[in-house]
Student: 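One structure follows; several queries about it will come next.
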Amino acid sequence: MLTMGFIENYHDWLKVADTALPRNIIGYLTQLCLGPLRADPFTILPYDHPKEIAKCGHKVGTSFLPGELPEREGPRPEISGWIAPHRQITQLTGDDMHKLLAQAMEELAAKYSSHTVVRTSVLEKSGDAFLVADGVATPHSIAKSTKREIAHVHAGTGSGDYSLHMSLSPADCKEVISKKWGERMTLAGSLVPHEYLMVYTPRTKEEVEIVKTIVSAAIEFMAGVERPAE
């Protein structure tokens, strides 16, 4: 018989479960079985490995950020204990920040319209995501392994914490993790590439702009596009 603790944990998971896994006992058991694959969220060792860099089709140290990031103020947010969904549970924000973040994503969609398309996330199976446009060749194996998906925001009800998942170049992964803007996804290096990160939800207008530059770097890396002139 199922224990009371198991049942309580299952119902807690249902409250935050998204559409990446079935929202039933099969999905819950699946994320439990994936536990042994849990990645170290803060290691940057994979991003210096020559074979990993070679997968990305760039030279060592190639960055798509405009420069060094400032260090994110304060401690990192707490993250839920589930393998999936991978969400932050503290330092959450309100509608004002959510609207600014949505506006920033709309501006990026317009800026990179010739290289990206916004459609339903193929990884989360719901919500909007940036994907490499159909007519654009994927520049490396990372883009192929994410099914051309570049980034998405965890918006909406349930598990909508307004953090983001995205893929960045190895050099930019190191910068984002080291400066506390994000961490590796729970399954990075196994079911998703090492370069697949969570970026924490921005808490201020200034942080929205920084997150915008990080998403811009993800787009340029994944779609093989040079930064457009301002």
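Computed from a prediction, not measured in an experiment: that's the story for all the values here. Along the sequence shown, residues are numbered consecutively beginning with 1.
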Student: Should the pair Phe221 and His140 be assigned to parallel (<30°), tilted (30 to 60°) or perpendicular (>60°) ring geometry?
Tutor: parallel
Student: Between the side chains of Glu183 and Arg76, is the shortest nitrogen-to-carboxylate-oxygen separation below 4.0 Å, so that they form an ion pair?
Tutor: no
Student: Quick check for you: to the nearest 0.5 Å, what is the distance between Thr30 atom OG1 and Ile83 atom CD1?
Tutor: 12.0 Å
Student: Using only heavy-atom distances, determine whether the side chains of Thr186 and His86 contain a donor-acceptor pair under 3.5 Å.
Tutor: no
Student: For Lys147, does the NZ atom have more than 12 heavy-atom neighbours from other residues, nucleotides or ligands under 6.0 Å away?
Tutor: no
Student: Using only atom types and a distance under 3.5 Å, with no angle test, would you say the side chain of Gln103 pairs donor to acceptor with the backbone of Lys99?
Tutor: no
Student: Would you call Arg87-Glu124 a salt bridge at under 4.0 Å N-O?
Tutor: yes
Student: Which heavy atom of Val199 sits nearest a heavy atom of Met166, and at what distance?
Tutor: CG2-CE, 3.6 Å
Student: What verdict does the side chain to side chain contact (heavy atoms under 4.5 Å, CB included) test give for Val132 and Thr116, after you've listed the backbone C-alpha separation in whole Å, the side-chain angles of each residue and the deciding distance to 0.1 Å?
Tutor: CA-CA 5 Å; Val132 179; Thr116 67; over 6 Å; no
Student: Is a side-chain N or O of Lys55 found less than 3.5 angstrom from the main chain of Ser141, in a donor-acceptor match?
Tutor: no
Student: Find out if a path of hydrophobic residues (ILVMFWY) with successive side-chain heavy-atom gaps under 4.5 Å connects Met185 to Ile219.
Tutor: no
Student: Without hydrogens or angle criteria, can the side chains of Tyr112 and Ser216 be said to hold a donor-acceptor pair below 3.5 Å?
Tutor: yes
Student: In terms of hydrophobic clustering (I, L, V, M, F, W, Y; side-chain heavy atoms under 4.5 Å; direct or indirect links), are Phe130 and Leu101 co-clustered?
Tutor: yes
Student: Could you give the distance from CH2 (Trp181) to CD1 (Ile214), rounded to the nearest 0.5 Å?
Tutor: 6.5 Å
Student: Is there a path from Leu69 to Phe64 through hydrophobic residues (I, L, V, M, F, W, Y) whose side chains come within less than 4.5 Å of each other?
Tutor: yes
Student: Any donor-acceptor pair under 3.5 Å linking the side-chain atoms of His98 with those of Thr93?
Tutor: yes
Student: State, to 0.1 Å, how close Ile89 and Leu92 come at their nearest heavy-atom pair, and which atoms those are.
Tutor: O-CD1, 4.1 Å
Student: Quick one: pull up OH in Tyr196 and CD1 in Ile142 and give me the separation to the nearest 0.5 Å.
Tutor: 13.0 Å
Student: Could you check whether Arg184 and Tyr47, counting side-chain N and O atoms only, form a donor-acceptor pair closer than 3.5 Å?
Tutor: yes
Student: Going through the distances and angles, do Glu149 and Ser121 end up as a side chain to side chain contact (heavy atoms under 4.5 Å, CB included)?
Tutor: CA-CA 7 Å; Glu149 184 160 331; Ser121 168; 2.9 Å; yes
Student: Salt bridge (charged side-chain N to carboxylate O under 4.0 Å, His left out) for Lys180 and Glu175? Distances and angles first, verdict last.
Tutor: CA-CA 8 Å; Lys180 301 192 300 183; Glu175 182 73 2; over 6 Å; no
Student: Run the numbers on Arg119 and Asp128 for side chain to side chain contact (heavy atoms under 4.5 Å, CB included), then give the verdict.
Tutor: CA-CA 5 Å; Arg119 59 169 63 124; Asp128 288 341; over 6 Å; no
Student: For the CZ atom of Arg23 and the OH atom of Tyr28, what is their distance to the nearest 0.5 Å?
Tutor: 14.5 Å
Student: Run the numbers on Val192 and Thr146 for side chain to side chain contact (heavy atoms under 4.5 Å, CB included), then give the verdict.
Tutor: CA-CA 7 Å; Val192 296; Thr146 64; 5.9 Å; no
Student: Does a donor on one side chain sit under 3.5 Å from an acceptor on the other, for Gln91 and Thr201?
Tutor: no
Student: Is the centre of the His154 ring less than 6.0 Å from the centre of the Tyr162 ring?
Tutor: no
Student: How far does CG of Leu45 sit from OG1 of Thr43, to the nearest 0.5 angstrom?
Tutor: 3.5 Å
Student: In Å and rounded to the nearest 0.5 Å, what is the CE to NE2 distance from Met198 to His165?
Tutor: 4.5 Å
Student: Count the heavy atoms belonging to other residues, nucleotides or ligands that lie under 6.0 Å from NZ of Lys125, then report whether that count exceeds 12.
Tutor: yes
Student: Under 4.5 Å between side-chain heavy atoms, hopping through other hydrophobics if needed: is there a path connecting Leu168 to Val208?
Tutor: no
Student: Got a salt bridge between Asp96 and Lys205, using NZ or NE/NH1/NH2 to carboxylate O under 4.0 Å?
Tutor: no
Student: Where do Leu131 and Thr120 come nearest, in terms of heavy atoms and distance?
Tutor: CD1-O, 4.3 Å
